[in-house]
K.L.:
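Please find one structure pasted underneath; my questions will follow.
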Amino acid sequence: MRALLQRVLEAHVVVDGHTTGAIQHGLLVFLGLGKDDDLDKGKKLIDKILKYRIFDDENGKMGWNIDQAQGGLLLVSQFTLMAQTQKGLRPDFGPAMPPQDAKVLYEQLVEYAKSQFAHVETGIFAADMKVHLINDGPVTFQLEI
C-alpha cells in the first residue's frame, strides 16, 4: 500500500463537471492498493498520515500534523502508484489490487479515516477524475506500509 501525500493550499476533484471533494489547506493523498494489502495495513497507513508532522508549527518547522494545522484531508484512489516501472518503457500494473477488491478496501479506508478525522473528502473510485491542487511548498512525501 502506497500513499503519495501533497501538502496543499487547496485541492479539489472534478468528475463529469461536478466537484466530488474539496479542501482548503491540508493534505491531498493519492492512495494505491496492492494485491497483498488489507484493512489492517490500511488503518496503520491512515493513522500514520493523520499523525505525520509536515505542517509548519509556530516556529516555522515541520512540527504539526494535519489536525494541529486545522487542515482537510482529500483521499483519491490511484492504482497507478502500484505500477512497476523498473523495466521497459511501459508501466506494469500487475502488483495493483484487482478493481473489485480495491473498491471495497478503499471504501473501508475512507470510512475509517472519517471515523478518525473530522474533515475528509474524496474522489470517486475508478472515475476519470480531474484533480486540481495548489501544492504548498512544494511538500510531497511517499509513505508505504
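As the structure is a prediction and not an experimental result, all values here were calculated from the model. The first residue of the sequence shown is numbered 1, and numbering continues consecutively from there.
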K.L.:
Would you say D92's side chain and Q84's backbone share a donor-acceptor pair under 3.5 angstrom?
P.N.:
no
K.L.:
If hydrophobic clusters are built from ILVMFWY residues whose side chains come within less than 4.5 Å, do V110 and F30 share one?
P.N.:
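Different clusters.
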K.L.:
To the nearest 0.5 Å, what is the distance between OG1 (T85) and CZ (R90)?
P.N.:
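Rounded to the nearest 0.5 Å, the OG1-CZ separation comes to 14.5 Å.
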K.L.:
To check you understand the geometry: which heavy-atom pair defines the closest contact between G72 and I23, and what is its length?
P.N.:
O-CD1, 3.5 Å
K.L.:
Test side-chain contact (heavy atoms from CB on, under 4.5 Å) on T19 and V14 and set out the steps.
P.N.:
CA-CA 4 Å; T19 299; V14 176; 4.0 Å; yes
K.L.:
Return yes when atom CD of Q108 has more than 12 non-hydrogen atoms of other residues, nucleotides or ligands closer than 6.0 Å, and no otherwise.
P.N.:
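Atom CD in Q108 is crowded, with more than 12 foreign heavy atoms closer than 6.0 Å.
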K.L.:
Is there a path of hydrophobic side-chain contacts, each under 4.5 Å between heavy atoms of I/L/V/M/F/W/Y residues, joining Y52 to L73?
P.N.:
yes
K.L.:
So, taking the atom named CG in N135 and the one named CD in Q6, what distance separates them when rounded to the nearest 0.5 Å?
P.N.:
5.0 Å
K.L.:
Within a strict 4.5 Å, meaning less than it, do heavy atoms of the Q24 and L9 side chains meet?
P.N.:
no
K.L.:
Do any N or O atoms from the side chain of K35 and from the backbone of G94 form a donor-acceptor pair under 3.5 angstrom?
P.N.:
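Side chain of K35 to backbone of G94: a pair is present.
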K.L.:
Using the rule given for side-chain contact (heavy atoms from CB on, under 4.5 Å), can you reason through L31 versus L45, listing the C-alpha separation, both sets of side-chain angles and the distance that settles it, and then say yes or no?
P.N.:
CA-CA 10 Å; L31 187 62; L45 183 58; 3.7 Å; yes
K.L.:
For residues T122 and T20, determine if any side-chain heavy atom of one lies less than 4.5 Å from a side-chain heavy atom of the other.
P.N.:
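A side-chain contact is absent here, since even the closest heavy-atom pair is not under 4.5 Å.
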K.L.:
Between D36 and K41, what is the shortest heavy-atom contact and its length?
P.N.:
O-NZ, 3.4 Å
K.L.:
Contact between L4 and T140 at the side-chain level, heavy atoms closer than 4.5 Å - yes or no?
P.N.:
yes
K.L.:
Any sub-3.5 Å donor-acceptor pair from Q68's side-chain atoms to N65's backbone N or O?
P.N.:
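Answer holds: yes.
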K.L.:
If I compare all heavy atoms of M1 with all of D38, which pair ends up nearest, and what's the gap?
P.N.:
CE-O, 3.8 Å
K.L.:
With heavy-atom distances below 4.5 Å as the criterion, would you say the side chains of S77 and M129 are in contact?
P.N.:
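S77 vs M129: side chains touch.
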K.L.:
Run the side-chain contact (heavy atoms from CB on, under 4.5 Å) test on F141 and R7 for me, step by step, so that the C-alpha distance in whole Å, both residues' side-chain angles and the decisive distance to 0.1 Å come before the verdict.
P.N.:
CA-CA 9 Å; F141 294 96; R7 189 176 73 182; over 6 Å; no
K.L.:
Is there a continuous path of hydrophobic side-chain contacts, each under 4.5 Å between heavy atoms, that joins L81 to Y106?
P.N.:
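Cluster IDs for L81 and Y106 differ.
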K.L.:
Check whether any side-chain heavy atom of M82 sits under 4.5 Å from a side-chain heavy atom of R2, and report yes or no.
P.N.:
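Heavy-atom side-chain distance check passes, below 4.5 Å.
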K.L.:
In Å and rounded to the nearest 0.5 Å, what is the CG to CD1 distance from L75 to I46?
P.N.:
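Rounded to the nearest 0.5 Å, the CG-CD1 separation comes to 5.0 Å.
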K.L.:
Distance-only, no hydrogens or angles: does the D37 side chain make a donor-acceptor pair with backbone N or O of G34 under 3.5 Å?
P.N.:
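Yes.
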K.L.:
Within a strict 4.5 Å, meaning less than it, do heavy atoms of the D56 and W64 side chains meet?
P.N.:
no
K.L.:
Nearest heavy-atom pair of K43 and L109: which atoms, and what distance?
P.N.:
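Between these two residues, the closest heavy atoms are N-CD2, 3.9 Å.
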K.L.:
For D47 and Y112, run side-chain contact (heavy atoms from CB on, under 4.5 Å): C-alpha distance rounded to whole Å, both residues' side-chain angles, the deciding distance at 0.1 Å, then the answer.
P.N.:
CA-CA 9 Å; D47 291 342; Y112 178 73; 2.7 Å; yes
K.L.:
Give a yes or no on whether the backbone of K61 and the side-chain of N59 come within a donor-acceptor separation of less than 3.5 Å.
P.N.:
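Absent.
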K.L.:
Nearest 0.5 Å, what's the CG-CG distance between L133 and L28?
P.N.:
5.5 Å
K.L.:
Side-chain heavy atoms nearer than 4.5 Å, only ILVMFWY residues, links allowed to pass through others: does that put I134 and L5 together?
P.N.:
no
K.L.:
Looking at CD1 of I145 and NZ of K48, how far apart are the two atoms once the value is rounded to the nearest 0.5 Å?
P.N.:
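Rounded to the nearest 0.5 Å, the CD1-NZ separation comes to 5.5 Å.
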K.L.:
Minimum heavy-atom separation for G63 to R53, with atom names?
P.N.:
O-CD, 3.3 Å
K.L.:
Nearest 0.5 angstrom please: H25 NE2 to H119 NE2, how far?
P.N.:
11.0 Å
K.L.:
Looking only at heavy atoms, what is the nearest atom pair of L74 and G123, with distance?
P.N.:
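Residues L74 and G123, closest heavy atoms: CD1-N, 4.5 Å.
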K.L.:
Does L27 share a hydrophobic cluster with V13, counting links as ILVMFWY side-chain heavy atoms below 4.5 Å and allowing steps through other members?
P.N.:
no
